Amino acid sequence: MNKQAEKKKKTALVCGAGGFIGGHLVKRLKKEKYWIRGVDLKRSEFSKSEADEFIIGDLRNLSVCKKVLDKEFDEVYQLAADMGGAGYIFTGEMDADIMNNSATINLNMLNLGRKIGFKKIFYPSSACIYPAYNQEDPNNPKCSEDSAYPAAPDSEYGWEKLFSERLYLAYHRNYGFDVKIARFHNIFGPEGTWRGGKEKSPAAICRKVAEAKDGGEIEMWGDGKQTRSFLFIDECLDGVRRLMNTPNFTGPVNIGSEEMVTINQLAKMVMKIAKKNLKIKHIKGPLGVRGRNSDNTLIRQKINWEPTLELKNGLEKTYLWIEKQVLKTKSSR
Ligand code: NAD
């Protein structure tokens, strides 16, 4: 490519590029011919980043943020956060770190952005911001965007996300940044954390099923009757890219699936994919709200899009990937 064509390329900064969604986002932007700078505490453990530049650094540190923001980008995606599944965010043991680490990253980035100017910045909030009192009935949870207040998230992770949403909105109002905010609902897929304590339920269930012998059993936290919806990574990125290209709309908007299932049903689906018949042993463990589902009314209205992939199709791809990791780990022992 000649220098002029190179110059015309759109540029993106992806913070959290070594993580699950960030890694996939880099691949997507690369396909769209962006020039990309990635930044993270670490590289992805599963595949080589396709970013043109990758900076290893801690975004809680202002000097790292300065280095990362030494030029203007067409688009910034601030995905870096201290996050994990129920075993990480609901035990209470990590609360102070979760709040401090993620809020510091967001404050640093916006403070510097105010000085250098952001053309467009994306922030991923979470379904965890929705009030616990609207999610007590597993068959009828309420997660429309306008139901966020009066606020009562069920975790400090959710409170930090809500604070940071407001922070991005305030910078949008006061400093004119073009801000886009999505509330992700349980994103899953290959190359997501699948063990170690930060994994989320689809990955944990896939791992347990892959490790179990046919006719055996898997453990599950709680009675499995709580409901959730899960969105496959490719569709999450479809939503993010469309949101980024929708003028005059900031959000927050849900990016999630409306296909709600119980965790027991989720486990049965995985067993069917694995062709294994397993018992579920319900044990005590950290749990979130009783019911949660995306409400896609606003995203349909505002960006004329919603996900369509059936859960079982995304699960199939994820299970096959996790099964491979389990086999690799076994054979390296
Ligand atoms: P992830 O943990 O795989 O990715 C986050 C990345 O941020 C990690 O690679 C981590 O190393 C990096 N990071 C953390 N602290 C950092 C620091 N101080 N400096 C530099 N990098 C740092 O998580 P993910 O699932 O890819 O999530 C990406 C974003 O989407 C997060 O903001 C998360 O809160 C949000 N989100 C995800 C989901 C989901 O279901 N995966 C749901 C709601 C919101």
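Quick note: numbers below take in every heavy atom, side chains included, and nothing from hydrogens, waters or symmetry partners. Computed from a predicted structure; not experimentally measured. Numbering of ligands and ligand atoms starts at 1, following listing order. The chain is numbered in sequence order, starting from 1.
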Side chain, backbone, both or neither: which applies to [X] and ligand 1 if a contact is any heavy-atom pair less than 4.0 Å apart?
{"X": "Asn186", "result": "backbone"}
{"X": "His185", "result": "neither"}
{"X": "Ile105", "result": "side chain"}
{"X": "Lys198", "result": "neither"}
{"X": "Ser125", "result": "backbone"}

Determine, using heavy atoms of [X] and all atoms of ligand 1, whether some pair is separated by less than 4.0 Å.
{"X": "Arg183", "value": "no"}
{"X": "Gly23", "value": "no"}
{"X": "Thr193", "value": "no"}
{"X": "Gly57", "value": "yes"}
{"X": "Tyr157", "value": "yes"}

List every atom of ligand 1 that sits less than 4.0 Å from any heavy atom of [X], numbering the atoms from 1 in the order shown and giving each element.
{"X": "Leu59", "result": "17 (C), 18 (N), 19 (N), 20 (C)"}
{"X": "Ala81", "result": "5 (C), 7 (O), 14 (C), 31 (C), 32 (O), 34 (O)"}
{"X": "Ser126", "result": "43 (C), 44 (C)"}
{"X": "Gly18", "result": "9 (O)"}
{"X": "Gly16", "result": "6 (C), 7 (O)"}
{"X": "Arg60", "result": "18 (N)"}
{"X": "Asp58", "result": "17 (C), 18 (N), 19 (N)"}
{"X": "Lys42", "result": "9 (O), 11 (O)"}

Using heavy-atom distances only, which candidate in [options] approaches [atom] most closely?
{"atom": "atom 43 (C) of ligand 1", "options": "Tyr77, Phe188, Phe184, Phe230", "answer": "Phe184"}
{"atom": "atom 32 (O) of ligand 1", "options": "Val39, Asn106, Leu79", "answer": "Leu79"}
{"atom": "atom 11 (O) of ligand 1", "options": "Asp97, Leu41, Asp40", "answer": "Asp40"}

Looking at side-chain heavy atoms only, is the closest gap between [X] and [Y] below 4.5 Å?
{"X": "Trp35", "Y": "Glu53", "value": "yes"}
{"X": "His185", "Y": "Tyr130", "value": "yes"}
{"X": "Leu59", "Y": "Cys15", "value": "yes"}

Identify which one of Asp137, Asp154, Asp223 satisfies the salt bridge (Lys or Arg N to Asp or Glu O under 4.0 Å) criterion when paired with Arg290.
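The single option meeting the salt bridge (Lys or Arg N to Asp or Glu O under 4.0 Å) with Arg290 is Asp223.
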
Any donor and acceptor pair, going by atom type alone, linking the side chain of Lys276 with main-chain N or O of Lys213 inside 3.5 Å?
no

Do NZ/NE/NH1/NH2 and the carboxylate oxygens of [X] and [Y] come within less than 4.0 Å?
{"X": "Arg37", "Y": "Asp70", "value": "yes"}
{"X": "Glu191", "Y": "Lys27", "value": "yes"}
{"X": "Lys275", "Y": "Asp214", "value": "no"}
{"X": "Arg241", "Y": "Glu32", "value": "yes"}
{"X": "Lys317", "Y": "Asp234", "value": "no"}
{"X": "Arg183", "Y": "Glu145", "value": "no"}
{"X": "Glu136", "Y": "Lys142", "value": "no"}

[atom] - nearest protein heavy atom and its distance:
{"atom": "atom 4 (O) of ligand 1", "result": "Gly19 CA, 3.5 Å"}
{"atom": "atom 39 (C) of ligand 1", "result": "Lys200 NZ, 3.3 Å"}
{"atom": "atom 37 (C) of ligand 1", "result": "Met83 CE, 3.3 Å"}
{"atom": "atom 27 (O) of ligand 1", "result": "Ile21 CD1, 3.8 Å"}
{"atom": "atom 3 (O) of ligand 1", "result": "Phe20 N, 2.9 Å"}

Other members of the hydrophobic cluster containing Ile322, with the 4.5 Å side-chain heavy-atom rule, please.
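Phe46, Trp194, Trp321, Val326, all in the cluster of Ile322.
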
Apply salt bridge (charged side-chain N to carboxylate O under 4.0 Å, His left out) to Asp74 and Lys119, showing your working.
CA-CA 6 Å; Asp74 292 308; Lys119 284 189 187 165; 2.9 Å; yes

Do Asn106 and Glu160 pass the side chain to side chain contact (heavy atoms under 4.5 Å, CB included) test, and can you show the C-alpha distance, the side-chain angles, and the key distance before you say yes or no?
CA-CA 10 Å; Asn106 289 317; Glu160 189 283 325; 3.3 Å; yes

N or O pair under 3.5 Å between Ala127 and ligand 1
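For ligand 1, there is no N or O atom that lies under 3.5 Å from one belonging to Ala127.
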
Would you kindly check if the NZ (Lys) or CZ (Arg) of Lys180 is within the cone defined by 45 degrees around the ring axis of Phe122 and under 6.0 Å from the six-membered ring centre?
no

